[in-house]
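For reference, the structure discussed in these notes is given below.
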Protein chains: 2
Amino acid sequence: MPTRKKATKTRKPTSDALEVLHRRYVEGKPQMRSLLEEERSNSTVARQLCRIREKAGLSQRELAKLVGTTASVICRLEDADYEGHSLSMLRRIAMALNSRVEIRLIPASRKHLRI
Amino acid sequence: MPTRKKATKTRKPTSDALEVLHRRYVEGKPQMRSLLEEERSNSTVARQLCRIREKAGLSQRELAKLVGTTASVICRLEDADYEGHSLSMLRRIAMALNSRVEIRLIPASRKHLRI
DNA sequence: ATATATGTTCGCATTATTGCGAACGCATGT
DNA sequence: ACATGCGTTCGCAATAATGCGAACATATAT
């Protein structure tokens with residue numbers, strides 16, 4: 001696994017795992033990556049990428065050509081375990097698929113409400 | 001300017017600039033960065049970062065310590081012209097401020113509706 | 001069997017972002 | 001004047017993401 005990093009599978013079945021993670025992150029080792037929230041968010045991004053690509057009826061190679069990269073990069077980004085997303089790449093893909101990237105920093109408590 | 005990159009200031013006062021940008025991006029030079037949309041999104045991220053930090057009553061150095069970095073990094077990210085956001089750093093900051101990062105890839109046409 | 005298209009993984013060079021310290025201008029207070 | 005804290009900018013090393021080609025497995029079709 002060269003560029004790929006396995007997402008940490010440590011899961012607490014507790015309901016308020018975010019509180020635990022927050023305390024661990026802020027008080028403990030700040031460099032350490034978040035666990036639950038990050039993985040969930042990542043897989044969401046990957047699923048969204050895959051969804052809008054297939055919705056556009058494009059293969060990974062075709063999208064890669066539009067974006068200006070290769071299929072391997074697209075494949076990486078669509079992998080649910082991939083953590084290394086960058087906003088610039090997300091924007092490039094979104095732009096190629098006539099979409100846009102929306103980022104929101106919202107309080108951790110409230111779940112995502114319907115838009 | 002070592003790490004900093006100036007945001008392209010080229011703006012079309014036209015209403016549907018996204019169409020223009022999309023055509024230019026997809027058909028023309030795919031490597032080229034988007035203009036209007038990217039800058040707008042960036043400044044939004046920067047503003048959000050600054051907002052949630054000040055809302056938490058933290059200075060850039062204090063937040064940097066929580067996140068596990070230095071004030072210069074925070075300052076960079078809060079600069080509206082900064083383009084180099086990464087999801088991992090956004091998540092680290094959001095986690096330190098008891099928030100979370102939400103990413104959405106949505107069709108370019110519709111504006112952001114209220115949540 | 002051959003050809004084609006797809007998604008996938010790998011290795012390595014290139015580029016971008018972070019890490020970190022230092023210094024500056026400015027304001028505030030002692 | 002001096003000290004402190006704030007945001008900011010710079011330079012450079014270290015890390016991480018991309019760029020790119022190659023190869024593989026699978027499915028479909030000729």
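Reminder, nothing fancy here: chain letters follow the sequence lines and each chain counts from 1. Everything numeric in this text was worked out from a predicted model, so none of it was measured.
At least one donor-acceptor pair under 3.5 Å links the side chain of Gln48(A) to the backbone N or O of Ile103(B). A donor-acceptor contact shorter than 3.5 Å links the side chain of Ser99(B) to the backbone of Leu97(B).
Checking the phosphate oxygens (OP1, OP2) of dC6(D), a side-chain nitrogen or oxygen of Ser59(B) falls inside 4.0 Å. The shortest distance between the side-chain N/O atoms of Tyr82(B) and the OP1/OP2 oxygens of dA16(C) is not below 4.0 Å. Dashed line: the shortest gap from a side-chain N or O of Gln60(A) to OP1 or OP2 of dT8(C) is under 4.0 Å. Taking side-chain N and O atoms only, Ser86(A) has no distance below 4.0 Å to OP1 or OP2 of dA17(D). In this structure, Arg76(B) does not reach the dA16(C) phosphate: none of its side-chain N or O atoms is under 4.0 Å from OP1 or OP2.
Nearest nucleotide to the Cys75(A) side chain, out of dG19(D), dT18(C), dT8(C): dT8(C).
If you take CD1 of Ile93(B) and P of dG19(C), they are 9 Å apart, rounded to a whole angstrom. For the pair Glu83(B) CD and dT18(C) C1', the computed distance is 16 Å after rounding to whole Å. With rounding to whole Å, Ile74(B) atom CD1 is found 15 Å from dT9(D) atom C1'. Summarising the geometry, the separation between CZ on Arg91(B) and P on dT18(C) is reported as 12 Å, rounded to the nearest angstrom. Met89(A) has its CE atom 15 Å from the P atom of dT15(C), to the nearest Å. Regarding Arg92(A), its CZ atom lies at a distance of 8 Å from the C1' atom of dT18(D), rounded to whole Å. Rounded to a whole Å, the CG atom of Leu87(A) is 15 Å from the C1' atom of dA16(D). Summarising the geometry, the separation between NE2 on His85(B) and C1' on dA16(C) is reported as 14 Å, rounded to the nearest angstrom.
Residue Thr70(A) is classed as a base contact, given a heavy-atom separation below 4.0 Å to a base.
You'll find a donor-acceptor pair under 3.5 Å spanning the side chain of Ser72(A) and the base of dC20(D), going by distance alone. Within 3.5 Å, no donor on the side chain of Arg61(B) pairs with an acceptor on the base of dG5(D), nor the reverse.
Heavy-atom minimum distance, His85(B) versus Val45(B): CE1-CG1, 3.7 Å. Heavy atoms only, all atoms of each residue included: Ala71(A) and Ala64(A) are closest at N-CB, 3.6 Å. Across every non-hydrogen atom of Ala80(A) and Ala46(A), the tightest pair is CA-CB, 3.9 Å.
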